[in-house]
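Count residues from 1 along the sequence. Indexing begins at 1, ligand by ligand and atom by atom, following the structure's order. Small disclaimer: the values here were computed from a predicted structure and weren't measured.
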Amino acid sequence: NLIKFLIYFLNILICNMKNIYLTRHGESEYNLLNKIGGNSNLSEKGKLYSKKLGNYINNLQLNTPVYTSTLIRTINTGKYIKLDKIELPILNEINAGICEHLTYSQIQDKYPEEYSKRKIDKLNYRYFQGESYKDLIHRLKPIIDIIENNDIILIIAHQAILRVIYGILTHKKESEYPNLDIQLHTLINLEINNEKIIENRIKLI
Ligand code: G3H
């Protein structure tokens with residue numbers, strides 16, 4: 001184990017290795033209702049995830065602050081982690097404008113044209129009074145800089161946000177970002193060693 005530990009730190013020092021942890025918030029009350037946006041709290045299952053995540057991360061003894069959005073569901077997901085927390089509004093979920101607090105079927109009923117425009121071009125579609133995935137790419141630039149400047153980092157954020165961050169880090173095409181698979185209750189670990197990326201998805205529930 002000591003040898004493994006030494007190799008790990010030598011890798012960080014010599015090979016410029018990065019160790020990145022990304023997770024969505026635990027299931028929220030709005031997730032249960034299929035509603036998007038808003039600022040709801042965690043569901044019972046989401047609260048269980050926050051405990052499992054706390055245990056898992058505390059055992060790793062990472063030396064990094066935890067970055068969350070300013071929304072209750074990410075802050076509470078990090079609640080049991082014994083590390084400093086930094087809340088950043090740029091990690092908040094995509095702003096769905098007039099579609100906030102609605103379910104996808106309500107959006108389809110109320111704003112059928114908007115719904116189909118988004119279906120056709122999800123990357124560029126900007127919610128009325130809200131944002132597009134393209135906007136998120138710009139909004140998240142400072143986070144990519146933080147990742148560049150840190151060897152170890154843990155981010156608790158939201159589906160659209162993590163699609164963009166993960167897409168950038170793993171060199172996906174921009175057009176793929178809006179449909180990347182970022183599941184709930186799964187911690188994504190990326191070990192980036194120059195061009196080589198080792199990905200681990202740890203399902204905690
Ligand atoms: O709006 C909230 C969702 O996390 C983003 O999902 O871009 O697939 O609609 P979507």
Side-chain angles (χ1 to χ4, degrees), residues 20-47 49-50 53 66-78 87-141 143-144 154-170 172-188 190 201 203-205:
I20 300 161
Y21 290 90
L22 306 172
T23 179
R24 288 173 69 183
H25 53 82
E27 179 187 72
S28 69
E29 288 161 352
Y30 262 27
N31 287 149
L32 277 178
L33 300 169
N34 285 321
K35 288 184 179 193
I36 64 168
N39 192 13
S40 66
N41 203 344
L42 298 176
S43 69
E44 285 311 309
K45 201 168 176 192
K47 288 176 189 164
Y49 180 67
S50 74
L53 182 69
V66 183
Y67 293 86
T68 69
S69 73
T70 63
L71 300 171
I72 296 168
R73 56 197 188 274
T74 63
I75 294 170
N76 281 350
T77 299
E87 295 170 16
L88 298 177
I90 56 165
L91 283 174
N92 287 0
E93 183 53 306
I94 189 168
N95 180 345
I98 53 167
C99 295
E100 288 268 317
H101 312 284
L102 299 178
T103 66
Y104 290 107
S105 62
Q106 285 169 335
I107 297 171
Q108 195 172 9
D109 286 350
K110 251 183 128 167
Y111 308 111
E113 271 182 35
E114 296 296 308
Y115 185 87
S116 62
K117 274 198 250 163
R118 188 165 198 257
K119 247 194 140 80
I120 292 165
D121 185 0
K122 200 172 168 187
L123 177 67
N124 291 298
Y125 172 81
R126 180 181 284 142
Y127 280 107
F128 188 65
Q129 292 171 5
E131 292 175 298
S132 65
Y133 273 88
K134 252 294 177 350
D135 293 328
L136 293 183
I137 297 171
H138 294 286
R139 158 142 77 91
L140 289 164
K141 277 227 162 72
I143 277 290
I144 300 301
L154 166 58
I155 297 173
I156 304 175
H158 305 263
Q159 178 164 237
I161 297 301
L162 292 174
R163 279 174 171 158
V164 172
I165 295 174
Y166 175 91
I168 294 172
L169 295 177
T170 59
K172 300 279 184 287
K173 283 192 238 133
E174 283 188 3
S175 58
E176 292 178 56
Y177 294 178
N179 298 306
L180 290 172
D181 188 22
I182 310 285
Q183 283 162 347
L184 280 177
H185 306 152
T186 306
L187 178 66
I188 300 176
L190 297 174
R201 295 204 176 206
K203 259 194 122 16
L204 292 177
I205 310 191

Going by the 4.0 angstrom heavy-atom rule, the piece of Ile94 near ligand 1 is side chain
| Flag if over 12 foreign heavy atoms under 6.0 Å of NZ, Lys45 | no
Applied to residues 103-124, the ring pair (Phe, Tyr, Trp, His ring centres under 6.0 Å) test, sequence neighbours excluded, yields none
Notebook entry, point to check: Between Thr186 and Leu184, is there a donor-acceptor pair closer than 3.5 Å when you use the side chain of the first and the backbone of the second?
Noted result: yes
Checklist entry - If you measure from each heavy atom of His158 to ligand 1, is any distance below 4.0 Å? => result no
If you scan protein heavy atoms around atom 7 (O) of ligand 1, the nearest is Tyr133 OH, 2.6 Å
Q. Would Lys134 and Glu174 pass as an ion pair if we require N to O under 4.0 Å?
A. yes
query = Taking Glu100 for the side chain and Gly38 for the main chain, is one N or O donor matched with an acceptor at less than 3.5 Å?
reply = yes
re atom 8 (O) of ligand 1, the protein heavy-atom contact at minimum distance is Lys122 NZ, 2.7 Å
| query | Distance-only, no hydrogens or angles: does the Arg139 side chain make a donor-acceptor pair with backbone N or O of Asn92 under 3.5 Å? | reply | yes
of all protein heavy atoms, closest to atom 9 (O) of ligand 1 is Tyr104 OH, 2.5 Å
Numbered in order shown, the ligand 1 atoms found under 4.0 Å of a heavy atom of Arg118 are 7 (O), 9 (O), 10 (P)
Atom 2 (C) of ligand 1 sits nearest the protein heavy atom Glu93 OE2, 3.4 Å
When you compare ligand 1 with Arg163, is there at least one nitrogen or oxygen pair between them that comes in under 3.5 angstrom?
yes
